[in-house]
Number of protein chains: 2
Amino acid sequence: MRDLSGKLRTAGLRTTKQRLALADLLFSGGNRHVTAEILHAEARTNGLAVSQATIYNTLNQFHEAGLLREVIVEQGRSYFDTNLSDHHHFYVENESRLIDIDNQDIAIGDLPQTPTGFEPVGVDVIIRLRHK
Amino acid sequence: MRDLSGKLRTAGLRTTKQRLALADLLFSGGNRHVTAEILHAEARTNGLAVSQATIYNTLNQFHEAGLLREVIVEQGRSYFDTNLSDHHHFYVENESRLIDIDNQDIAIGDLPQTPTGFEPVGVDVIIRLRHK
DNA sequence: ATGCCTGCAAAATATTTGCATGTAA
DNA sequence: TTACATGCAAATATTTTGCAGGCAT
């Protein structure tokens, strides 16, 4: 992912040192699923001094800005997914690991009618897996 | 729901006063979605003195015993569903409210192939709603 | 220069655990 | 009687918030 500065600016976020470094960790490789803890550890490993609060603030801001998708599969911990395409997830329970399901590999037919007065804002499908 | 004692015993749980009272709250009406907080408040309203720890222990034991299904839709809070039939959920984000989707109203076609070495242990579909 | 951002620590929230006591079997 | 359950408080874990100081614009 090039031009992280542009990406942040487009999202309405200032290009601070911490945000740029975290964006680099998040968006420069392939698609990723991270928790605050994972990202914090990675930042420190890469010599970036960021506080936990900034990790949380940044993840939430990126999420609000539409740069990350939040995935809730475990109680007490949030995952953030850099893959913004319409897709769903396998969740390996023993390993606390998420795996993307390619959109062409799943088809949801006959979604139920949305109750009157409401509008759908998203559909999450989670297939929970365990080791055989 | 009659014979709560039998229900607990069948599940391998002792029929204590607190468990029976909580089971009554959970299983005597129609299907319900409760959080620990909701159940605790209800118990107190009904004059039952139970500690928070017992609420959590009981919900977890009922879940382990297969009497409740856990539904994770919000970070930081677990819901427990008394409806054990195969079904999915609407989640009204503004109200923190779950609504069952009748199984005949949704069809998931072409589930993706489970990665080798794993077996599926459940599929959760959550349709998030907002007020129009 | 101004307003948003960061770090730190403390607070808030949800849940779990240790231990002494109580109670179902 | 004995093993499991309960209550209470403290511990744990994750996330959020307040505030003083720092930095992007």
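Chain identifiers are assigned alphabetically (A, B, ...) following the order of the sequence lines, protein sequences preceding nucleic acid strands; residue numbering begins at 1 within each chain.
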Novice: What is the separation between atom CD on B/Gln52 and atom C1' on D/dA9, rounded to the nearest whole Å?
Specialist: 11 Å
Novice: Looking at D/dT16, I'd like to know if its phosphate oxygens (OP1 or OP2) sit under 4.0 Å from a side-chain N or O belonging to A/Asn60.
Specialist: yes
Novice: In the structure I gave you, are the side-chain heavy atoms of B/Phe118 and A/His131 within less than 4.5 Å of one another anywhere?
Specialist: yes
Novice: From the options B/Asp86, B/Asp124, B/Asp100, select the one residue that forms a salt bridge (Lys or Arg N to Asp or Glu O under 4.0 Å) with B/Arg69.
Specialist: B/Asp124
Novice: Tell me whether the side-chain N/O atoms of B/Ser51 come closer than 4.0 Å to OP1 or OP2 in D/dA5.
Specialist: no
Novice: Does A/Thr35 place a side-chain N or O at less than 4.0 Å from the phosphate oxygens OP1/OP2 of D/dT14?
Specialist: no
Novice: Mind checking which nucleotides bracket the chain A contacts on DNA chain C, 5' to 3', with an atom under 4.0 Å from a heavy atom?
Specialist: C/dG3 to C/dT16
Novice: May I have the distance from A/Leu39 (atom CG) to D/dT14 (atom C1'), rounded to whole angstrom?
Specialist: 15 Å
Novice: Give the rounded distance in Å between these two atoms: CD1 of A/Ile38 and C1' of D/dT14.
Specialist: 14 Å
Novice: Ignoring hydrogens and geometry, is there a side-chain-to-backbone donor-acceptor pair from A/Asp24 to A/Leu20 under 3.5 Å?
Specialist: no
Novice: Can you tell me if A/His87 uses its side chain to pair, donor with acceptor, with the backbone of A/Ser85 under 3.5 Å?
Specialist: yes
Novice: If we fit an axis to the first five pairs and another to the last five of the helix from C/dA1-D/dT25 to C/dA25-D/dT1, what angle do they make, to the nearest 10°?
Specialist: 30°
Novice: Between C1' on D/dT6 and CZ on B/Phe62, what's the gap in Å once rounded to a whole number?
Specialist: 14 Å
Novice: Ignoring backbone atoms, test whether B/Gln61 places a side-chain nitrogen or oxygen under 4.0 Å from the OP1 or OP2 oxygen of D/dC4.
Specialist: no
Novice: Assign A/Gln75 to base, sugar-phosphate, or nothing according to its heavy-atom contacts below 4.0 angstrom with the strands shown.
Specialist: sugar-phosphate
Novice: Quick one: which of A/Glu74, A/Glu95, A/Glu93 gives a salt bridge (Lys or Arg N to Asp or Glu O under 4.0 Å) with A/Arg128?
Specialist: A/Glu93
Novice: Are B/Arg19 and D/dT6 close enough that a side-chain N or O sits under 4.0 Å from OP1 or OP2?
Specialist: yes
Novice: Whole angstroms only, please: what is the CG-C1' distance between B/Asn57 and D/dG7?
Specialist: 10 Å
Novice: Can you tell me if B/His40 uses its side chain to pair, donor with acceptor, with the backbone of B/Thr54 under 3.5 Å?
Specialist: no
Novice: Using atom types as modelled and distance alone, determine if a side-chain donor or acceptor of B/Thr82 lies under 3.5 Å from a backbone N or O of B/Arg32.
Specialist: yes
Novice: As a test of reading the structure: which of D/dA24, D/dT6, D/dT15 is closest to the side chain of A/Arg14, going by heavy atoms?
Specialist: D/dA24
Novice: Let's see if you can work this out: which of D/dT25, D/dT15, D/dA24 has an atom nearest to the side-chain heavy atoms of A/Thr16?
Specialist: D/dA24
Novice: Return whichever of B/Lys17 or B/Arg77 has its heavy-atom-nearest nucleotide of DNA chain C closer to the 5' end.
Specialist: B/Arg77
Novice: Would you kindly say whether A/Asn83 and A/His33 are connected by a side-chain donor-acceptor distance under 3.5 Å?
Specialist: no
Novice: Report the distance from atom CG of A/Leu13 to atom P of D/dT25, rounded to the nearest whole Å.
Specialist: 11 Å
Novice: Can you measure from NZ (B/Lys132) to CD (A/Glu119) and round to the nearest 0.5 angstrom?
Specialist: 6.5 Å
Novice: Donor-acceptor check, side chain of B/Tyr79 to backbone of B/Ser96, threshold 3.5 angstrom: yes or no?
Specialist: yes
